[in-house]
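Read through the structure below, which is laid out as structure tokens, and then see the notes.
Within every chain, numbering begins at 1; the chains are lettered A, B, ... in the order of the sequence lines, protein sequences first and strands thereafter.
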Amino acid sequence: MRDLSSTELSETLLGWYDIHARSMPWRIGPADRATGVTPDPYRIWMSEVMLQQTTVAAVKEYFTRFTTRWPTVTDLATAEDADVMAEWAGLGYYARARNLLKCARVVAFELGGQFPDTLDGLLALPGVGPYTAAAIASIAFDRSEAVLDGNVERVMSRLFNIHDPLPGVKPVLKDKAASLTPALRPGDYAQAVMDLGATICTPKSPACGICPWVAPCAARAEGTAAELPKKTPKKPKPTRYGVAYVARTTEGAWLLERRPDKGLLGGMLGWPGTDWGDAPSRNPPFTADWSRLEGEVKHTFTHFHLILKVETARIPEGFNLRPDQELLPQAGFKPSDLPTVMRKAFDLYQGNPPIKALG
DNA sequence: AAGGCGTGGCC
DNA sequence: TGGCCAAGCCT
């Protein structure tokens, strides 16, 4: 069989998408789009930032909560930092939340409330990189820009049977992706190729039998689809140790710390604690008769495992707060405002009373 | 430019 | 159950 042209390939995929497009809270489906309905760039941007390295299932509820609470970019731009960070808690990669707010303020206060509609304009925004800029340009503004995310990398490496490992081969895959991106319906095409990767051309046991691109797929012909894309091996994660200190006043207020903007869990609220190092240590926030809780928190970050002990004590009268510390009254404290590792420490506290009762 | 940066689901 | 993976960005 002769090779299919780029146009034939993209039209085949768009035909598949017209039938099988997934429904999502931020998506304008192909039928509505065909009648002239256009996406809200604010919602597309919000969804794309949330979807960075994050599953659709995890994003849906966060997207709904954010866009209900802050329906426009100006609403978000005028929000309190702490409210946005608390709303993001649990979604991970917290630099995204800080950049989300930074970006909203740029758009609202420096760009007249309108998102840039060009690739370069979008790329200049905080938290918007090559993938997200192309996604917004194509999906929100129907510009013919090629998206390259993990799905597209996998689809391209298989369609063209490319065995060179990621991330080195990324520029080649980007060229392939660009060669297929159509001038017509680029927004639908971008979502189609990602839907294909997410539902058919999956990492393990791809469903080649029902794939609209089974005929032109080079890896399918060679029987190598399931082993692509190749990736350079990852380093093993070390294990680190630490202690979190959960302390309350006699009135029931909780002692929490705002973490510095840069670094792990940047900008988030958390319990006072030790550094997380190669060996256990102690560093309580005040001198007291600390009780260690039974059990421990196990948590895995991107690049290390953590084993966290939890200690608790009564906060003494007249305790002086550092600027980064706050006493949150019971009524104003929600465990769901904490990043997951800190919420796990809270859960341990809730479930396992200390060996010694608090005074 | 290679490593830092979260979390939950899946097998 | 431990590693892999998810619509990556920043420095």
Side-chain angles (χ1 to χ4, degrees), chain A residues 22 24-27 43-63 85 88-100 102-103 122-140 145-155 166-168 170-171 174 177 187 189-199 201-206 226-227 229 231-240 259-268 270 276 297-306 336 338-344:
Chain A
R22 293 180 291 172
M24 298 178 190
W26 50 86
R27 176 175 283 180
R43 293 166 64 86
I44 298 302
W45 162 74
M46 174 83 70
S47 69
E48 290 301 341
V49 171
M50 288 182 168
L51 285 162
Q52 291 166 6
Q53 296 288 282
T54 308
T55 57
V56 168
V59 164
K60 279 184 176 171
E61 48 192 308
Y62 281 85
F63 176 85
M85 300 311 289
W88 196 276
L91 197 55
Y93 284 132
Y94 297 99
R96 293 184 296 170
R98 286 178 271 119
N99 284 330
L100 189 83
K102 211 180 290 181
C103 181
L122 290 161
L123 262 178
L125 298 172
V128 176
Y131 162 75
T132 305
I136 300 172
S138 59
I139 298 170
E145 303 288 357
V147 295
L148 185 66
D149 72 329
N151 288 305
V152 183
E153 287 171 357
R154 186 169 58 253
V155 171
L166 284 166
K170 194 178 266 206
K174 175 84 176 190
Y189 174 82
Q191 295 172 94
V193 67
M194 292 189 285
D195 272 20
L196 185 74
T199 63
C201 196
T202 50
K204 295 169 195 172
S205 50
E227 64 191 64
K231 299 193 177 182
T232 56
K234 301 172 182 171
K235 291 184 176 176
K237 296 185 203 307
T239 298
R240 296 183 184 167
R259 300 173 63 89
D261 269 352
K262 299 194 179 213
L264 191 66
L265 309 178
M268 297 302 288
W276 296 338
V297 169
K298 289 188 179 180
H299 191 78
T300 299
F301 292 101
T302 311
H303 55 296
F304 65 94
H305 304 289
L306 177 66
S336 62
L338 303 179
T340 298
V341 66
M342 299 297 175
R343 188 187 48 71
K344 285 184 182 177

**Prompt:** Ignoring hydrogens and angles, does a donor from either the side chain of A:Thr54 or the base of B:dG6 sit under 3.5 Å from an acceptor on the other?
**Reply:** yes

**Request:** Ignoring the backbone of A:Glu48, work out which of C:dA7, C:dG3, C:dC5 is nearest its side chain.
**Result:** C:dA7

**Item:** Distance-only donor-acceptor test, A:Thr302 side-chain atoms vs B:dG6 base atoms, 3.5 Å
**Value:** yes

**Prompt:** To the side chain of A:Thr55, which of B:dT7, C:dC5, C:dA6 is closest?
**Reply:** C:dA6

**Item:** Closest-nucleotide ordering on DNA chain C, the 5'-leading residue of A:Met194 and A:Lys204
**Value:** A:Lys204

**Asked** Rounded to whole angstrom units, what separation is found between the CG atom of A:Asp149 and the C1' atom of C:dC9?
**Response** 14 Å

**Asked** How long is the gap from CG on A:Leu265 to CG on A:Leu338, to the nearest 0.5 Å?
**Response** 10.5 Å

**Item:** Phosphate contact (C:dC9 OP1 or OP2) by A:Thr132 side-chain N/O below 4.0 Å
**Value:** yes

**A:Leu264 side chain reached by A:Arg259 side chain, heavy atoms, under 4.5 Å** = yes

**Item:** Nearest listed nucleotide, side chain of A:Asn151, among C:dA6, C:dG3, B:dG6
**Value:** C:dA6

**Item:** Nearest-nucleotide pick for A:Tyr93, side chain only, options being B:dG8, C:dC4, B:dC5
**Value:** B:dC5

**Item:** P atoms of B:dG3 and C:dA7, separation to the nearest Å
**Value:** 24 Å

**Message:** If the cut-off is 4.0 Å, is A:Gln52 near the phosphate of C:dG8, judged by side-chain N/O to OP1 or OP2?
**Reply:** no

**Request:** Drop me the distance from A:Leu166's CG to A:Lys231's NZ, to the nearest 0.5 angstrom.
**Result:** 6.0 Å

**Asked** For A:Lys231 and C:dA6, what is the distance between atoms NZ and C1' respectively, to the nearest whole Å?
**Response** 9 Å

**Prompt:** If you measure from CZ on A:Arg22 to CG on A:Asp195, what distance do you get to the nearest 0.5 Å?
**Reply:** 4.0 Å

**Request:** Report which part of the nucleic acid A:Val59 touches: base, sugar-phosphate, or nothing (heavy-atom distance under 4.0 Å, all strands).
**Result:** nothing

**Item:** Any A:His299 side-chain nitrogen or oxygen under 4.0 Å from OP1 or OP2 of B:dG6
**Value:** no

**Fill in**
Picking from B:dG8, B:dG6, C:dA7, the nucleotide nearest the side-chain atoms of A:Thr340 would be B:dG8

**Prompt:** Quick check: are there more than 12 heavy atoms from other residues, nucleotides or ligands sitting under 6.0 Å from NZ of A:Lys298?
**Reply:** no

**Asked** Are any of A:Arg154's side-chain N or O atoms less than 4.0 Å away from OP1 or OP2 of C:dA6?
**Response** yes

**Complete:** Residue pair A:Ala95/A:Lys235 against DNA chain B: nearer the 5' end by closest nucleotide is A:Lys235

**Prompt:** Which part of the nucleic acid does A:Pro167 contact within heavy-atom distance under 4.0 Å: base, sugar-phosphate only, or nothing?
**Reply:** nothing

**Between B:dG3 (C1') and A:Lys237 (NZ): distance, integer Å** = 12 Å

**Asked** Between B:dG3 and A:His303, is there an OP1 or OP2 to side-chain N/O distance shorter than 4.0 Å?
**Response** no

**Asked** If we take the P atom in both C:dT11 and B:dG6, what is their distance in whole Å?
**Response** 14 Å

**Request:** Can you tell me the distance, in whole Å, between the CD atom of A:Glu153 and the P atom of C:dA6?
**Result:** 9 Å

**Message:** Using atom C1' in both nucleotides, what's the gap between C:dC5 and B:dC5 to the nearest angstrom?
**Reply:** 16 Å

**Prompt:** Does the side chain of A:Tyr94 get closer than 4.0 angstrom to OP1 or OP2 of B:dT7 through an N or O atom?
**Reply:** yes

**Proximity of A:Phe301 and A:His303 rings by center, below 6.0 Å** = no

